[in-house]
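Notes follow once the structure below has been shown.
Computed from a predicted structure; not experimentally measured.
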Amino acid sequence: RPQAQRKKLKFRVSPGKGLPARIRTDPTRLRQCLLNLVSNAIKFTEKGHVYVNVALETGNDNGPYIRFDVEDTGIGIRCEDHQRIFESFTQADGSTARKYGGTGLGLAITRRLVELLGGRLTVTSEEGQGSVFSFAVPAGVDTREQPSPDVDEGAHQTHSAEKKAQPKFSGHVLVAEDVKTNQMLAKAMLSRMGLDVTIAADGNDAVQKARAHDFDLILMDIQMPGMDGYQATRTLRKEGIKTPIVAVTAHAMKGDDQKCIEAGCDDYLAKPLDRRRLLEKIQKYLCVKDEAACQNTEAAKLKENGTLEISCNHAPEESGVSQTSEAADSTEILNWNELINRLGDEELIRDIVPIFLNDNKERIERLTEAVEGGDSKMLKLYAHAVKGAARNIGAIRLSDIAHRLECSGREDDLEAVPSLFDALKTEVEKVVAFLSLEDWIEIAKREKVITDDKLNAGITCRC
């Protein structure tokens, strides 16, 4: 929406009749497909509109589908180029690439993701007449049993959900997490739900504390130094500890849900933490205070059935699918809308940023040592921590660069490290410069998205 507003384009999401409030699919890949198509539409449209039309398709032997049509009034595509544009590193013609830039990977990646979701991506377009990119994915549920969604397009901006009283729960939660920013964020979110929280700094610490105390729920970060979350969970299960364990990880790879089950986890939650996703998990396993009766049978059912309902909100990292992201190529330093929509609490944001700034300084020092020493293992570890902490405070481009650095460490690709590390240091300086301003929240609320040009123009900085 902000991109469209900057170009003075009309932007609208038009939901059709009969849409269900929920479908069962991979939300990460679906979101990425829509972001890629909408970003493309805005990029190649100079005047007019970009609309996202959503409809329910029934009568299919494989069940109902949800159809997305991304419609624009942009430059359009010649008929002979309709298939070529879905090939890697290909745009409609050389002049398009020179004028608009880009790698020519976006549509190829989107088509692959759509296919993984069980759909097919098509285009209807004429040169100079705009385009409509369409795909449909299986709903995965009986849409007749689903309530209708709230179709108020501005509901997410007004945070109407936050106006409802959040339930208070009863219980003691153990959070196993090695990054201080993430520790503080999880503790604050859970405490606001009425829960007692104990922090474990790594897998070994989590095992020791779970042995010594009775907890009602364990949130287990998977990637930690020393004993990781899988090892810690296996150890606890071998010792007969039956406390529900929810795996928490920044990875969303295909098959990770099965790995969690095999390790002994009851459920799975992806980073960065989103208050709504976290609330869903808490409601599954813990009691609401003052309820006359509360029996937590959901965990037992999930273990018995051997299935999980995965709620992922992080970029997919499946092998064979490119990780090219719009974030690293954008000019966006910090996105207030993304941050407040995910956390929903300005006071919480004010609390976690000083911890991020202090914690991040030490982490960058450790990352520098790993880069200079050519230590792939530690490079991966600290880049992963920077990625998660940056995402938690809305610095999506910094998180994306850190993710690329983490991948280089994982693949032992040290040749790519120097340029990525230079980019990361530059981005850290920008993020820290903005977050160090006394009135940064007021500026972020006003500007919505802090970009390079705003920072450079001094709109957000004070001399």
Salt-bridge present ([X], [Y]; N to O < 4.0 Å):
X	Y	value
Asp274	Arg276	yes
Glu365	Lys361	no
Glu406	Lys380	no

Please check this pair: side chain of [X] against backbone of [Y], looking for a donor-acceptor N/O pair closer than 3.5 Å.
X	Y	value
Lys8	Lys47	no
Lys448	Lys445	yes
Asn358	Pro354	no
Ser125	Ile77	yes
Ser376	Asp412	no

Between [X] and [Y], is any pair of side-chain heavy atoms under 4.5 Å apart?
X	Y	value
Ile352	Ile393	yes
Ile222	Lys259	no
Lys271	Val248	yes
Ile66	Thr25	no
Val175	Val197	yes
Val246	Cys265	no
Gln231	Met224	no
Ser134	Thr124	no

Open item on the list: Under the rule for side chain to side chain contact (heavy atoms under 4.5 Å, CB included), what residues qualify as partners of Ile355, not counting sequence neighbours?
Closed with: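 For Ile355, the residues satisfying side chain to side chain contact (heavy atoms under 4.5 Å, CB included) (neighbours in sequence not counted) are Lys180, Thr181, Met184.
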
Task: Pairing residues for Ala423 by the side chain to side chain contact (heavy atoms under 4.5 Å, CB included) criterion, not counting sequence neighbours - done: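 Ile401.
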
Open item on the list: Is there a salt bridge (charged side-chain N to carboxylate O under 4.0 Å, His left out) between Arg120 and Glu115? Walk through the geometry before answering.
Closed with: CA-CA 6 Å; Arg120 181 169 175 264; Glu115 290 170 350; over 6 Å; no

TODO: Could you walk me through whether Glu447 and Arg6 pass salt bridge (charged side-chain N to carboxylate O under 4.0 Å, His left out), step by step?
DONE: CA-CA 12 Å; Glu447 300 290 342; Arg6 284 194 289 270; over 6 Å; no

Looking only at side chains, do [X] and [Y] share a donor and an acceptor under 3.5 Å apart?
X	Y	answer
Asp228	Gln223	no
Asp267	Tyr285	yes
Gln32	Asn36	yes

- [ ] In sequence, state the C-alpha distance, the side-chain angles, and the governing distance for Asp72 and His49, and then conclude on side chain to side chain contact (heavy atoms under 4.5 Å, CB included).
- [x] CA-CA 6 Å; Asp72 68 61; His49 68 255; 6.0 Å; no

Open item on the list: Once side-chain hydrogen bond (donor to acceptor under 3.5 Å, both in side chains) is applied, what residue pairs with a partner in residues 414-433 remain, sequence neighbours excluded?
Closed with: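 Matches after skipping sequence neighbours: Arg397-Glu427, Lys430-Asp452.
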
Heavy-atom closest pair, residues [X] and [Y]:
X	Y	result
Leu286	Phe169	O-CD2, 3.9 Å
Val179	Ala385	CG2-CB, 3.7 Å
Val431	Ile333	CG2-CG2, 4.0 Å
Asp202	Pro225	CB-O, 4.0 Å
Pro244	Leu217	O-CD1, 3.5 Å
Asp221	Glu177	CG-OE1, 3.6 Å

Task: Derivation and outcome, side chain to side chain contact (heavy atoms under 4.5 Å, CB included), residues Arg366 and Met378 - done: CA-CA 8 Å; Arg366 298 288 178 268; Met378 300 309 293; over 6 Å; no

Value rounded to 0.5 Å, distance of [atom1] in [X] from [atom2] in [Y]:
X	Y	atom1	atom2	value
Leu273	Arg342	CG	CZ	8.0 Å
Thr233	Ile245	OG1	CD1	4.5 Å
Leu405	Leu367	CG	CG	5.5 Å
Arg111	Leu121	CZ	CG	8.0 Å
Ile261	Asp266	CD1	CG	9.5 Å
Leu113	Arg29	CG	CZ	6.5 Å

Open item on the list: The test is side chain to side chain contact (heavy atoms under 4.5 Å, CB included); show your working for Val50 and Thr73 and say whether it passes.
Closed with: CA-CA 7 Å; Val50 173; Thr73 55; over 6 Å; no

- [ ] Name all pairs fulfilling the salt bridge (charged side-chain N to carboxylate O under 4.0 Å, His left out) condition that reach into residues 347-360, sequence neighbours left out, sorted by first residue then second.
- [x]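 Non-adjacent pairs meeting salt bridge (charged side-chain N to carboxylate O under 4.0 Å, His left out): Glu346-Arg350, Arg350-Glu442, Asp359-Arg363.
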
Task: Residues in ring pair (Phe, Tyr, Trp, His ring centres under 6.0 Å) contact with Phe68, at least two apart in sequence or another chain - done: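 Per chain and number, Phe68 pairs via ring pair (Phe, Tyr, Trp, His ring centres under 6.0 Å) with Phe135.
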
TODO: With sequence neighbours left out, write down each residue that passes ring pair (Phe, Tyr, Trp, His ring centres under 6.0 Å) with Tyr382, or none if nothing qualifies.
DONE: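 Testing Tyr382 for ring pair (Phe, Tyr, Trp, His ring centres under 6.0 Å), a comparison that skips the adjacent residues, returns none.
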
Open item on the list: Apply side chain to side chain contact (heavy atoms under 4.5 Å, CB included) to residues Val173 and Lys187 and explain how you reach the verdict.
Closed with: CA-CA 9 Å; Val173 180; Lys187 184 171 185 176; over 6 Å; no

Task: Sole residue of Asn360, Ile450, Leu334, Ile441 in side chain to side chain contact (heavy atoms under 4.5 Å, CB included) with Leu435 - done: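 The side chain to side chain contact (heavy atoms under 4.5 Å, CB included) with Leu435 is passed solely by Leu334 among Asn360, Ile450, Leu334, Ile441.
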
